[in-house]
Amino acid sequence: MIRSGKALCRALTSSCCVPVRHSVSGKAWITPKGFDTGIKTFNSLTKQKEALILAREGTATWYSCGPTVYDHAHLGHACSYVRFDILQRILTRVFGVTVIHAMVITDVDDKIIRRSWEENVSPDVISRMYEEEFKRDMLSLKVVPPAVYLRVTENVHHIVAFIEGIIRNGHAYATKEGDVYFDVQSIGDRYGKFVGAVSPHGQSGSSNKRDSRDFALWKRSKAQEPHWESPWGRGRPGWHIECSTVASHMFGNQLDIHSGGIDLAFPHHENEIAQSEAFHQCGQWANYFLHSGHLHHKGSPEKMSKSLKNYITIKDFLQSHTADEFRMFCLSTKYRSAIDYSDGSMSEARTSLETIRTFISAARAYMKGHLHCPPTQEDLLWQRLTEAKSNILTALADDFDTPRAVGALMKLVYHGNCQLRPVSTAEGGVRSPAVFGAMVTYVRDVLDAFGIDLLHSREADVMSSGGNLQAVVEQLTRFRSEVRAFALTRQDPQDKKSDLCPDRIPLLKSCDTLRKDLAPLGVVIKDRGATSTWEIKPTQSGQRSHEPDQQT
């Protein structure tokens, strides 16, 4: 953990949490009482940043809308889930908050039913197949699974009881046909927290509805559709009711954080709030709504979606990119902003990760004594490290501002690289390995808080290749270094400007050829003056490593 939530709370906020009412489109939002995390987050309910205050110290209850499992998940979905995974990791690793996360799997829906008809299989087969694929995709992207997945079909009895409670409280009505609708007029001006509600006396969209805004809690069954028994006849749940029921089943009548894509704010989240507060008879069910921005193809105003057929599946994406690269791409913009996907943006993410890898590799080589540099400005580096820690903490406490945090991290890496300039021979000056050790540790801690572990993933790839590969590469590099040092001997050892021995130049060229031949295999040797360092990089299909010619 980079810093505890308690310490941050003392540093950034006062301990006094006074309830404040915010007027939002005629609705009142009440600042919760409880534990102040020290974070300010943008709350869609107030459309401004608010202090993130949790009901219980050190614990956040978090509900998110899961997938409707009728097709492959794509990068638009991945962007939202990865972004919120990053936020949850930051809460835990940086601010010391344990996140209790629940997610619903929508496994009964019109789209699933239509797909089952097209494929001539049971809806259960469709939903289970794509549910398992979704979970595999999330693990491939290193998204931490929620504490619990809950399927709609396994909670229909809870949903029926929830609807009955809303009816008892006077906020829903059943029709003679067997449908149940939420009565929007019954809650007055409380409806419309995210967008302005339509006219309260608009034209009814259905002869069965009392108001055009009323939405289905229960839908009567049709031919060849899945159905369950209920007090209103055979049918199945409406879309919105599943989330309210599952979240309430997990967390009761009070929820800290609810998340989802911005396209879910209305009507889905709007209707969740209406029916949850009607059931619990409470003034504020969920305290914070966090919404992620859409993923667009660069230059296109349209979001990536299945309906537009402009999507890239997660599985296809991971054929040419890594999960870490996608995380760095997501970190480059604020979670609630739209983000443009392109080959260029992915290349920038890959370059940033490679810059960090290069620094860590060079710093470790310096600490081992394999890399000789001029005397470093140690005091300056300690100062830069202190500044980076402060700037990154401040950025993350300001609505999880990952672009600013990554910028501060890259600035620290830049200052470190500036001090790691190799020289041909050791000058016998004072070395400063401690500061580089502290910098590497901090950089890895921050990356870990974002869900990126460059060194561990690389070492895992190396170990999975079996055998004593690292020992072999170490011996090979050592032998090459000795040959190269012999080849670099000058005709007059006392005169550094004299020419190399002509008969040894072929040896030097052979050393360069070996280095180039090993690079596409993932073994990268870097000549640093008179010494050499090595690292093993995981290779990707269709990609080759290209290192600039380092011939002396």
Side-chain angles (χ1 to χ4, degrees), residues 29 32 37 39-55 59-68 73 75-95 97-106 134 138 141-150 193-195 239-240 242-251 254-273 276 284-295 303 327 330-331 333-339 396 399-402 450-451:
W29 181 81
T37 61
I39 302 169
K40 292 276 190 179
T41 190
F42 187 89
N43 190 356
S44 295
L45 289 170
T46 64
K47 298 179 176 60
Q48 64 184 26
K49 293 178 186 178
E50 306 286 358
L52 180 58
I53 300 171
L54 307 175
T59 302
T61 54
W62 187 311
Y63 177 80
S64 63
C65 300
T68 300
L75 283 190
H77 303 129
C79 189
S80 180
Y81 291 119
V82 169
R83 281 171 148 182
F84 286 125
D85 179 72
I86 290 170
L87 264 59
Q88 291 178 357
R89 287 172 180 269
I90 291 170
L91 270 174
T92 300
R93 295 303 306 272
V94 181
F95 299 100
V97 174
T98 299
V99 177
I100 311 299
H101 179 203
M103 178 185 291
V104 74
I105 299 289
T106 302
F134 167 78
M138 292 300 102
L141 292 170
K142 302 201 293 187
V143 173
V144 176
V148 60
Y149 284 110
L150 298 118
K193 295 179 185 293
F194 292 122
V195 296
W239 174 30
H240 317 295
E242 64 190 50
C243 290
S244 292
T245 302
V246 167
S248 297
H249 182 61
M250 278 293 298
F251 303 120
Q254 187 65 67
L255 176 65
D256 290 320
I257 300 170
H258 194 312
S259 65
I262 186 62
D263 53 318
L264 296 178
F266 190 91
H268 185 51
H269 293 163
E270 186 72 54
N271 293 346
E272 277 188 65
I273 292 172
S276 297
Q284 189 161 288
W285 169 60
N287 289 328
Y288 301 89
F289 270 84
L290 308 185
H291 289 117
S292 60
H294 287 148
L295 178 73
K303 71 172 184 175
R327 278 185 178 260
C330 290
L331 288 162
T333 58
K334 293 183 178 180
Y335 73 92
R336 56 190 177 90
S337 300
I339 184 170
L396 297 180
D399 195 28
F400 307 96
D401 192 341
T402 56
F450 295 153

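The model shown is predicted, which means the values in this text are computed figures rather than measured ones.
Contact annotation: the side chain of Arg336 approaches that of Asp399 to within less than 4.5 Å [non-hydrogen atoms, C-beta and beyond]. Between Asp85 and Arg327, some side-chain heavy-atom pair lies under the 4.5 Å cut-off. Residues Leu87 and Val99 have side chains not in contact (no heavy-atom distance under 4.5 Å, counting atoms from C-beta outward). At a threshold of 4.5 Å between non-hydrogen side-chain atoms, the residues Ile90 and Thr402 count as touching. Leu264 is not listed as a side-chain neighbour of Phe289, based on a closest heavy-atom distance of 4.5 Å or more. With contacts defined as side-chain heavy-atom distances shorter than 4.5 Å, the pair Leu150/Glu242 does not qualify. Counting heavy atoms from C-beta on, the side chains of Met103 and Pro145 never come closer than 4.5 Å. Contact of the Ile262 side chain with the His294 side chain is registered, since non-hydrogen atoms from C-beta on lie closer than 4.5 Å.
Heavy atoms only, all atoms of each residue included: Thr59 and Leu54 are closest at O-CD1, 3.4 Å. The two residues Ile339 and Cys79 have their closest heavy-atom pair at CG2-SG, 3.7 Å. The two atoms that bring Ser248 and Ser244 nearest to each other are OG-O, 2.8 Å, heavy atoms only. Annotation for Asp256 and Ala55: closest pair OD1-N, 3.3 Å, computed over non-hydrogen atoms. Nearest heavy-atom pair, Tyr81 versus Cys65, reported as atom, atom and distance to 0.1 Å: OH-O, 3.4 Å. Taking each heavy atom of Val104 and Cys243 in turn, the nearest pair found is CG1-SG, 3.9 Å.
Interatomic distance, Leu91 CG to His101 NE2, rounded to the nearest 0.5 Å: 12.0 Å. How far OG1 of Thr46 is from CG of Asn287: 11.5 Å, rounded to the nearest 0.5 Å. The distance from atom CG of Leu75 to atom OG of Ser80, rounded to the nearest 0.5 Å, is 12.5 Å. Within the model, atoms NZ of Lys49 and OG1 of Thr41 stand 9.0 Å from one another, a figure rounded to the nearest 0.5 Å. Leu290 contributes atom CG, which lies 10.0 Å from atom CD of Gln88 (distance to the nearest 0.5 angstrom). Atom CD1 of Ile100 is separated from atom CE of Met250 by 8.0 Å, given to the nearest 0.5 angstrom.
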Ile86 vs Phe400, side-chain contact (heavy atoms from CB on, under 4.5 Å): CA-CA, chis, key distance, verdict: CA-CA 9 Å; Ile86 290 170; Phe400 307 96; over 6 Å; no
Intermediate values then yes/no, side-chain contact (heavy atoms from CB on, under 4.5 Å), Phe42 and Lys47: CA-CA 7 Å; Phe42 187 89; Lys47 298 179 176 60; 4.3 Å; yes
Stepwise side-chain contact (heavy atoms from CB on, under 4.5 Å) test for Phe194 and Leu45: CA-CA 6 Å; Phe194 292 122; Leu45 289 170; 3.8 Å; yes
Audit row: Ser292, Ser259, side-chain contact (heavy atoms from CB on, under 4.5 Å) steps and yes/no: CA-CA 8 Å; Ser292 60; Ser259 65; over 6 Å; no
From CA spacing to verdict: side chain to side chain donor-acceptor pair (under 3.5 Å), Arg83, Thr333: CA-CA 10 Å; Arg83 281 171 148 182; Thr333 58; 2.8 Å; yes
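Using cut-offs of 30° and 60° on the angle between ring planes, the pair His269 and His291 is parallel. Taking the six-membered ring for Trp and thresholds of 30 and 60 degrees, His240 and His268 have ring planes inclined between 30 and 60 degrees apart.
A distance below 6.0 Å separates the ring centres of Trp29 and Tyr288.
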